[in-house]
Protein chains: 2
Amino acid sequence: MTSLRDVAERAQVAVSTASAALNGTRPVAAATRLRVERAAEELGYRPNLLARGLQSKRTRILALLFPAPHSGFGPTEMQFATGAAEAARELGHHLLLSPEHADPIEELRHLTGLGLVDGVLLMEVRLDDERARFLSGAGVPFAMIGRTRDPAGIDYADIDFAATAGDAVAHVAGLGHRKLAFFNLSAGTYAAQYGPSIRAGAEFAAAARQAGIGYVGDFRPGSAEEGGEAFDRLLAEHPDVTALAVMDDHAAVGVIAAVARRGWRIPEDLTLLLVLSSARVAEMFHPRLTTLEPPSAELGRLGAQMLIDRLRGDGPPRQRLVPCRLVAGDSSAPPREGVTS
Amino acid sequence: MTSLRDVAERAQVAVSTASAALNGTRPVAAATRLRVERAAEELGYRPNLLARGLQSKRTRILALLFPAPHSGFGPTEMQFATGAAEAARELGHHLLLSPEHADPIEELRHLTGLGLVDGVLLMEVRLDDERARFLSGAGVPFAMIGRTRDPAGIDYADIDFAATAGDAVAHVAGLGHRKLAFFNLSAGTYAAQYGPSIRAGAEFAAAARQAGIGYVGDFRPGSAEEGGEAFDRLLAEHPDVTALAVMDDHAAVGVIAAVARRGWRIPEDLTLLLVLSSARVAEMFHPRLTTLEPPSAELGRLGAQMLIDRLRGDGPPRQRLVPCRLVAGDSSAPPREGVTS
DNA sequence: GTGAAAGCGCTAACAT
DNA sequence: ATGTTAGCGCTTTCAC
């Protein structure tokens with residue numbers, strides 16, 4: 001391991017000068033800087049991050065708190081991680097993947113106490129999130145992918161549910177549908193105050209109201225089986241529904257099966273939208289479902305960027321909402337004939 | 001930040017004694033140790049990892065080199081990461097997620113030069129992997145999830161393709177099938193010497209031969225469209241095939257569509273197996289496909305464990321092969337009648 | 001069994 | 001503009 005001292009010796013300067021020459025922390029004569037840079041180059045010098053961090057109190061390491069594989073665990077979560085890791089890298093930082101388990105607070109206390117990370121990135125944020133509260137209280141810089149109920153003063157990147165719901169409703173309304181149903185995430189996630197569950201529900205209702213079309217939003221199937229049941233009940237109670245937006249992948253599977261059992265076809269008899277699911281998943285269906293694809297990688301990137309900006313200095317907190325992208329598949333079409341509404 | 005000095009002061013001992021008491025690196029009187037431990041406890045002392053690492057040359061940080069999202073990017077890759085992160089955590093280590101891009105070697109040189117990580121975990125290993133060669137040459141401890149062609153002396157955890165193929169063949173043979181086809185990963189992955197592609201191909205052929213059943217293995221559809229075409233060609237050339245194992249999720253989608261177009265049904269007319277795909281994905285199909293689910297999380301765990309063991313001391317390299325788990329779905333059944341073989 | 005002191009590699013005063 | 005000095009918080013000789 002070649003150290004800064006080696007470089008300094010070779011360039012015939014003091015260590016502090018070598019340091020300054022490489023970091024630009026204080027003026028250095030052009031000639032000197034050149035000598036130092038050449039020496040560093042020739043020796044293949046790499047600054048020791050530990051030494052630097054010990055001194056400067058900044059490690060340039062971010063931690064991504066990763067929830068235990070409970071509920072959903074699709075490409076979405078993964079892309080938060082990869083997006084964040086890539087952005088961090090581009091900005092000269094590193095990303096620690098920190099699996100969260102039993103006691104997330106103890107976990108955080110440990111992680112931040114070690115002096116290893118400069119800041120924390122939170123995902124799967126709940127409306128009332130104890131982790132966010134803890135970090136705020138502890139004065140640890142952090143940013144969220146998602147957001148709490150009242151995220152004032154906190155950096156975050158989240159899905160723009162209002163715009164997403166608006167796009168979805170506009171899509172089906174544009175096709176002529178007059179009544180839309182929405183299958184939210186499982187009751188469990190809703191009860192857990194999971195942001196997307198709550199917000200998507202509210203925004204779809206609002207968007208439908210605003211567009212002046214009928215709306216049914218009180219189903220929360222969390223599995224294929226529940227999805228099928230929910231669909232049957234939906235049509236029993238609301239036979240005039242012609243379009244359905246589903247949040248849970250597995251519920252969608254059940255819906256599709258139920259549609260087939262009924263002798264119906266997609267999209268002729270039902271327009272089906274998949275919400276918050278990746279295009280990769282949508283391609284697994286037949287027909288390929290129209291999808292509102294979450295900007296997962298971008299949210300991850302944004303989260304990391306915001307956090308790093310925050311560490312660099314302090315501007316006002318940045319709060320970004322990014323809508324899902326509507327990827328048209330083969331599951332949307334004008335409403336079926338003979339609907340009595 | 002409370003430091004070891006604070007603890008030492010409060011316990012009325014020298015810093016070195018406090019250190020020894022907490023780490024057990026040298027004998028300390030029971031009474032003294034107790035005082036130190038209590039002081040540490042009361043002050044909420046957390047050792048500074050940077051300082052410790054600077055001194056000891058060991059950071060207890062592992063890097064997981066994460067390939068850029070090119071080919072497949074499913075739950076499998078993600079579970080390598082989470083499995084490894086969890087195992088690392090349990091063993092007192094941390095996992096750095098290091099996205100790999102353009103020049104992986106430069107990447108590695110950088111990463112290891114920083115003195116930040118003790119070892120590297122490789123995934124998506126090719127038969128002839130330059131990263132493995134570089135790490136070996138540089139003397140950087142590493143372990144692989146997957147393995148090179150000649151992994152002698154290197155720790156790795158990989159799928160037991162022989163056992164997996166054996167299980168799959170036994171499954172279909174047990175149902176009475178006499179001829180099995182295998183759709184490998186895309187031609188691109190094969191050309192890239194991607195381990196699973198090569199090994200699964202070879203082992204399925206071997207297992208079929210050994211079981212004495214017919215075998216067709218020269219298809220490599222990498223998309224739904226190619227999957228459908230491959231299936232049509234397969235039946236044109238081998239009308240007596242009654243069972244099919246598919247590696248690529250999307251190809252499976254195409255196969256299912258092609259089966260339906262033909263007026264066939266699964267499993268009555270075709271037994272369909274999904275190989276190396278997660279149960280989560282298999283559940284998206286109708287009927288739910290029988291799957292050979294890769295032990296992804298376990299491979300990640302094993303990789304991390306091996307690497308940590310290696311860092312702790314040196315025993316002989318550990319090389320573990322873990323078979324896929326056969327998860328029976330509703331896509332396997334005895335062969336259709338009237339097959340002329 | 002315990003304390004004092006050196007030093008890991010670096011940055012940041014403080015001198016010059 | 002450059003060199004000297006003092007640590008960052010810890011582990012580890014080396015004395016006692």
Side-chain angles (χ1 to χ4, degrees), chain A residues 1-37 39-40 43-61 92 94 110 112-118 311-312, chain B residues 1-37 39-40 43-61 92 94 110 112-118 311-312:
Chain A
M1 264 294 288
T2 132
S3 81
L4 190 57
R5 224 183 85 197
D6 304 328
V7 175
E9 270 174 17
R10 181 174 246 263
Q12 313 260 41
V13 293
V15 208
S16 62
T17 307
S19 170
L22 295 176
N23 298 307
T25 47
R26 75 182 191 193
V28 168
T32 314
R33 142 165 301 132
L34 212 68
R35 280 215 316 287
V36 173
E37 281 169 350
L43 295 174
Y45 168 72
R46 310 268 175 192
N48 182 312
L49 287 195
L50 297 187
R52 174 178 285 176
L54 183 56
Q55 167 66 26
S56 66
K57 300 295 182 196
R58 303 203 31 206
T59 62
R60 308 196 150 230
I61 300 178
H94 294 270
H110 180 77
T112 57
L114 260 20
L116 185 58
V117 304
D118 289 345
L311 292 169
R312 287 209 219 274
Chain B
M1 264 294 287
T2 132
S3 81
L4 190 55
R5 224 183 85 199
D6 303 329
V7 176
E9 269 173 18
R10 179 174 249 261
Q12 311 261 45
V13 294
V15 208
S16 59
T17 307
S19 170
L22 294 176
N23 298 307
T25 46
R26 76 180 190 195
V28 168
T32 313
R33 142 166 301 135
L34 212 68
R35 279 215 316 287
V36 173
E37 282 169 350
L43 294 174
Y45 169 71
R46 310 269 173 188
N48 182 312
L49 286 195
L50 297 186
R52 173 178 286 176
L54 182 56
Q55 168 68 25
S56 66
K57 301 294 183 197
R58 302 203 33 205
T59 62
R60 309 199 149 227
I61 300 178
H94 293 270
H110 180 76
T112 56
L114 260 21
L116 185 57
V117 304
D118 289 344
L311 293 168
R312 288 209 218 274

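Chain A is the first sequence line, chain B the second, and so forth, proteins listed ahead of strands; every chain is numbered from 1.
- The heavy-atom pair separating A:L50 from B:G53 by the smallest distance is CD1-C, 3.5 Å.
- For B:R5 and C:dA5, the CZ to C1' distance is 14 Å, given to the nearest whole Å.
- Taking 4.0 Å as the cutoff to heavy atoms of chain A, we find the contact window on DNA chain D bounded by D:dA1 to D:dG9.
- The stretch residues 24-36 of chain B comes close to DNA chain D through B:R26, each having a heavy atom under 4.0 Å from the strand.
- The closest donor-acceptor contact from the side chain of A:D118 to the backbone of A:T59 lies under 3.5 Å.
- Here the shortest heavy-atom pairing between B:R35 and B:V13 reads NH2-CG1, 3.4 Å.
- B:A40 and B:V7 make their closest contact through N-CG1, 3.8 Å (heavy atoms, listed as atom of the first residue, atom of the second, distance).
- Remark: A:S19 is not in phosphate contact with C:dC10, judged by side-chain N or O atoms under 4.0 Å from OP1 or OP2.
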For this session: Show your working on side chain to side chain contact (heavy atoms under 4.5 Å, CB included) between A:T112 and B:R46 and close with a plain yes or no.
Result: CA-CA 9 Å; A:T112 57; B:R46 310 269 173 188; over 6 Å; no

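- Looking at every heavy atom in both residues, A:Y45 comes nearest to A:L22 through CE2-CD1, 3.7 Å.
- Residues A:V28 and A:A20 come closest through the heavy atom pair CG2-CB, 3.8 Å.
- A:N48 places no side-chain N or O within 3.5 Å of a backbone atom of B:G115 that could act as its donor or acceptor partner.
- One can find a donor-acceptor pair under 3.5 Å joining the base of C:dA4 and the side-chain atoms of B:S16.
- Contact of the B:R60 side chain with the B:H94 side chain is not registered, since no non-hydrogen atoms from C-beta on lie closer than 4.5 Å.
- A heavy atom closer than 4.0 Å to some atom of DNA chain D occurs in A:L54, A:Q55, A:K57, these being the qualifying members of residues 49-58 of chain A.
- Per the geometry, CG belonging to B:N48 stands 18 Å off P belonging to C:dC8, to the nearest Å.
- Side chain of B:N23 to main chain of B:T25: no donor-acceptor pair is present (N/O by atom type, distance under 3.5 Å, no hydrogens or angles).
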